[in-house]
*Asks:* 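Here it is, the structure in full.
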There are 2 protein chains.
Amino acid sequence: MSLPHAILAILTQKEATGYDLAQNFSQSIGHFWQASHQQIYRELSKMEAQGWVSFAVVPQKGKPDKKRYALTLAGQDELKNWLEEPARVTPIRETLLIKLFAGTLTSPEVLVSQLETHLELHREKLAAYQSLENEYFQGELSFAAGLQYWSLKRGLSYELASLEWCEQVLAWLNKHASKAD
Amino acid sequence: MSLPHAILAILTQKEATGYDLAQNFSQSIGHFWQASHQQIYRELSKMEAQGWVSFAVVPQKGKPDKKRYALTLAGQDELKNWLEEPARVTPIRETLLIKLFAGTLTSPEVLVSQLETHLELHREKLAAYQSLENEYFQGELSFAAGLQYWSLKRGLSYELASLEWCEQVLAWLNKHASKAD
DNA sequence: CAGAGCATGTAAGAGGTTACATGATTAC
DNA sequence: GTAATCATGTAACCTCTTACATGCTCTG
C-alpha cells in the first residue's frame, strides 16, 4: 500500500502528469521506491476515483493531451494519516545471494562473473547518487531538504556497502576458487 | 522467478517438508529471501508438476502425514542452468524513506518514533545474525560454508548500515526538529 | 485447560511485471 | 530514415499477502 502514498508525496511538491511521475520514480525517488509507468497510470485512475487527486486536461499541439494531476484536500489528509502509521522494515531480497548459497553447484567463474556485474552496477549507482549529492545538497539545507538528503544518504550507504561486499567476496573467491575443497 | 530456485537450493542440502522449508525461510535463508508457508506449499505443487521435485508421504502417529520432498535430476539441472543466468540487482524499497521524504507534513515526533522502532528492529536482527555467525562460522570453513558465510555477512553489513543510518538521522532530528524551519 | 508447535492446505485480493498498442516530434 | 523522447493506456499473467480452515500433541 505504499505506491499511492509515494505518488501523493511527490504531488505535494508539484503537480505532475503520469509521465512526469514515472520520470521521478526513475530518478529522485528511485533510490528508495520504484514503479513502472503501467503501475502509475493504473494507480492514478484508482486514486482519482477515491478523490485523493484530481486532474486537468492540458491540450498540446502535435503531442497527445496531458492529464496534469494535483493533490486534493482528501489526498493530503490521507497522506498525513498514512505518515503516522508505523512503517515496516523491508527485508533484503537478493537473488545473487541465493546463487551464492548454492554456488558449489556451478563453477567459481560463474560466481565471479555475477559478482563483477553487480559490482559494476553498484559503482554506477553510487556515482549517480554522488552527483545528485553534489548538485543538490551542498551547504546549508532547509528542514525539508535535510530530510530528502537523509533519504539519499540511505541509498549512498547501501550502494557503498554492497560494493565493498562484492569486492571482498571476489577477493575471497580468487584465493579459494582454484584450490576448491 | 527466484522462489522455486531458492527452494531447490535448500533441497540440495537435505530433503524437507513444506513446513521445514518455511522454517528455513524464517531462519537461515531469511537474511536474503523470504516466503510464507502459503507460497511454499503452492510452489511445491507447481514444482512437483514440472518434475523438479518428488515427494514421499511419511505417515506419523498423532500428527498429520508429512510430504518429504527431494530434488530430482531435472530439478538439479534446472537449478544449475538458473545459476548461470545473470542475477538482477534488487533496488531498495523502503516505506520509511517515503515517510521521511514527505516528513514536513507531520510532526518531528512521528518521524522520531518511526526511526526508533526501525533502529530497534535492526538491532535485533543484527544481534541474531551475530549469534549465527558465532555459532556456525568460526575457524576454518569449507568452500561451501564460506559461500554461505558471505551471504550472512551481507545481512550483517546491511543491518549495521541501517542501524547507523537510523542513529544519524535521529541525532540530526534532535538538533533540528525544535527549531524547525 | 490454554497456548505453542507440528503439519497441511484454500481463496480472495493486492501488487508488480511483461508485452502489446498508438502516434507525433526532434535529434543524429 | 532511424532512434529517442513525449504521452497515454490495455491485457494477461505472475507473485505475494492476508485471512480462513483443520486437528492433534506437548508443555506449563
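A note on names: the letters A, B, ... follow the listed sequences, proteins ahead of strands, and every chain is numbered from 1.
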*Asks:* Ignoring hydrogens and angles, does a donor from either the side chain of A:Arg42 or the base of D:dT8 sit under 3.5 Å from an acceptor on the other?
*Replies:*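 Result: no qualifying N/O pair found.
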
*Asks:* I need the NZ-C1' distance between A:Lys66 and C:dA24, as an integer number of Å.
*Replies:*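 From A:Lys66 NZ to C:dA24 C1': 15 Å.
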
*Asks:* So if I take every side-chain heavy atom of B:Gln39 and compare against C:dA7, D:dT17, C:dG16, which nucleotide ends up nearest?
*Replies:*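 Ranking C:dA7, D:dT17, C:dG16 by closest atom to the B:Gln39 side chain puts D:dT17 first.
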
*Asks:* With a 4.0 Å cut-off on heavy atoms, is A:Thr17 in touch with a base, just the backbone sugar-phosphate, or nothing at all?
*Replies:*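 Sugar-phosphate, backbone atoms only, no base.
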
*Asks:* Atom CD of A:Gln23 and atom P of D:dA7: how far apart are they, to the nearest Å?
*Replies:*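 Checked: the CD to P distance equals 9 Å.
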
*Asks:* What's the CD-C1' distance between A:Glu43 and D:dT8, to the nearest Å?
*Replies:*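 Distance check: A:Glu43 CD to D:dT8 C1' gives 17 Å.
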
*Asks:* Classify the angle between the aromatic ring planes of A:His122 and A:Tyr158 as parallel (below 30°), tilted (30 to 60°) or perpendicular (above 60°).
*Replies:*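 Perpendicular: the ring planes of A:His122 and A:Tyr158 meet at over 60°.
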
*Asks:* A:Trp33 CH2 to C:dG15 C1': how many Å, rounded?
*Replies:*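 Rounding to the nearest Å, CH2 of A:Trp33 and C1' of C:dG15 are 10 Å apart.
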
*Asks:* It should be established whether A:Tyr41 places a side-chain nitrogen or oxygen under 4.0 Å from OP1 or OP2 of nucleotide D:dT8.
*Replies:*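 Yes.
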
*Asks:* Considering every strand and a 4.0 Å limit on heavy-atom distances, what is the contact class for A:Gln38: base, sugar-phosphate, or nothing?
*Replies:*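 If one applies the 4.0 Å heavy-atom cut-off, A:Gln38 turns out to touch a base.
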
*Asks:* In whole angstroms, how far is the P atom of D:dT17 from the CZ atom of B:Arg93?
*Replies:*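 To the nearest whole Å, that distance equals 12 Å.
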
*Asks:* Below 6.0 angstrom between ring centroids: does that apply to B:His31 and B:Tyr129?
*Replies:*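 Yes; B:Tyr129 has its ring centre under 6.0 Å from that of B:His31.
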
*Asks:* Just say parallel, tilted or perpendicular for the rings of A:Tyr69 and A:Phe55, cut-offs at 30° and 60°.
*Replies:*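 The arrangement is tilted - the two ring planes meet at 30° to 60°.
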
*Asks:* Cation over ring, B:Lys99 on B:Phe101, under 6.0 Å and within 45°?
*Replies:*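 Not satisfied by the 6.0 Å and 45° rule.
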
*Asks:* Using a cut-off of strictly less than 4.0 Å, decide whether B:Ser36 has a side-chain nitrogen or oxygen near OP1 or OP2 of D:dT18.
*Replies:*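 It does not, given that no N or O in the side chain of B:Ser36 lies less than 4.0 Å from OP1 or OP2 of D:dT18.
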
*Asks:* Heavy atoms under 4.0 Å, any strand shown: does B:Arg68 hit a base, just sugar-phosphate, or nothing?
*Replies:*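 It contacts nothing in the nucleic acid.
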
*Asks:* When you check the phosphate oxygens OP1 and OP2 of D:dG9, does a side-chain N or O of A:Lys67 lie under 4.0 Å from one of them?
*Replies:*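 The answer is yes; a side-chain N or O of A:Lys67 sits under 4.0 Å from OP1 or OP2.
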
*Asks:* Rounded to the nearest angstrom, tell me the gap between atom NE2 in B:His5 and atom P in D:dT15.
*Replies:*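 The distance from NE2 of B:His5 to P of D:dT15 comes to 10 Å, rounded to the nearest Å.
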
*Asks:* Between P on D:dT22 and NE2 on B:His37, what's the gap in Å once rounded to a whole number?
*Replies:*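 After rounding, the gap between these two atoms is 14 Å.
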
*Asks:* What about B:Phe143 and A:Trp172, are their ring centers closer than 6.0 Å?
*Replies:*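 Between B:Phe143 and A:Trp172, the centre distance is under 6.0 Å.
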
*Asks:* Round to a whole Å and report the spacing from CZ of A:Arg88 to P of D:dC16.
*Replies:*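 So the CZ-P distance, A:Arg88 to D:dC16, works out to 15 Å.
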
